[in-house]
Structure formats: C-alpha cells, structure tokens
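Quick caveat: nothing in here was measured; it's all calculated off a predicted structure. By convention here, the first residue in the shown sequence is residue 1.
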Amino acid sequence: RTTMQRVAALHLPVIAAVDAVALGDGFELALACDIRVASETAIFGMPETTLAIIPGAGGTQRLSRLIGVSRAKELIWTGRRFSGDEAYQMGSGRQSS
C-alpha cells in the first residue's frame, strides 16, 4: 500500500493545512486527507502531467470525486495550478480565515 492509501485508510480524521505550495505528491497527499484547509495564497496542481507523467498515487481519482470529472480532467490534462481560494470554490477544500 502506498503512503496515500495509508493516509486515506486511517481510522482517525486527517486534516491537511496548506499555506504554501502543494504540487504533485503534495497535492495528492492533501487529496488523501479527510479535510483540506487552505489559505487564499495556497497553490495546488499536478504539474507532472505537463511532462506526460501520470500521477500514480490515486490523486486523479480522488480529485474527480471531489470536484467532478469534467473539472478534474481540465486540471489534470492542462497541469494548471490553482489557488486555495479557487480550490474552495470548486469544493476541494475549506478556506482558512
């Protein structure tokens, strides 16, 4: 089992608090958590897809379950980075005050 699967399977609530950059595996780790809290200045994304590398820790499936298949495809295929504020608007995280 991968680290992400272990985090997702924990019997305790796991909260990701992101105040900076969560790209690639950092974003996949946040997606494996039960709750994601992000500052407005946090940055998320899967930039490895711009290099034709498919994220391998389940982040693509987790992202599509959180924000919907169409929006997830856009973010995965383009490798676009997005802010914590945008993550909150898409439904993939909570906003910190």
Practice task
Check which hydrophobic residues are tied to Val21 through side-chain heavy-atom contacts below 4.5 Å, counting indirect links as well, and list them.
Solution key: Leu23, Ile43
Practice task
Under 4.5 Å between side-chain heavy atoms, chaining through other members, with only Ile, Leu, Val, Met, Phe, Trp and Tyr counted: pull out the rest of the cluster around Leu51, sorted by chain and number.
Solution key: Ile53
Completion exercise
To the nearest 0.5 Å, atom CE of Met90 lies from atom CG of Leu75 at 5.0 Å
Practice task
Can you sort out the partners of Gln61 under side-chain hydrogen bond (donor to acceptor under 3.5 Å, both in side chains), two or more places apart, ordered by chain and number?
Solution key: none
Exercise for the section: Please name all residues satisfying side-chain hydrogen bond (donor to acceptor under 3.5 Å, both in side chains) with Ser83, sequence neighbours left out, ordered by chain then number. Expected result: none
Practice task
Can you run down the salt bridge (Lys or Arg N to Asp or Glu O under 4.0 Å) pairs that involve residues 47-75, sequence neighbours left out, and say none if there aren't any?
Solution key: Glu74-Arg80
Handout entry: Over all atoms of both residues, closest heavy-atom pair of Asp34 and Pro13
Key = OD2-CA, 3.3 Å
Problem - Transitive ILVMFWY side-chain link Ile35 to Leu29, under 4.5 Å - result: no
Handout entry: All side chain to side chain contact (heavy atoms under 4.5 Å, CB included) counterparts of Ile76, not counting sequence neighbours
Key = Met46, Thr49, Thr60, Leu63, Ala72
Practice task
Taking side chain to side chain contact (heavy atoms under 4.5 Å, CB included) as the test, write out the residues that go with Leu10, two or more places apart.
Solution key: Val14
Handout entry: Flag side-chain contact, heavy atom, 4.5 Å: Leu66 against Arg36
Key = yes
Practice task
Assess whether side chain to side chain contact (heavy atoms under 4.5 Å, CB included) is satisfied between Met4 and Leu31, documenting all intermediate values.
Solution key: CA-CA 9 Å; Met4 308 312 170; Leu31 289 170; over 6 Å; no
Practice task
Provide the full list of ring pair (Phe, Tyr, Trp, His ring centres under 6.0 Å) pairs with a residue in residues 36-62, sequence neighbours left out, each pair given once.
Solution key: Phe27-Phe44, Phe44-Phe82
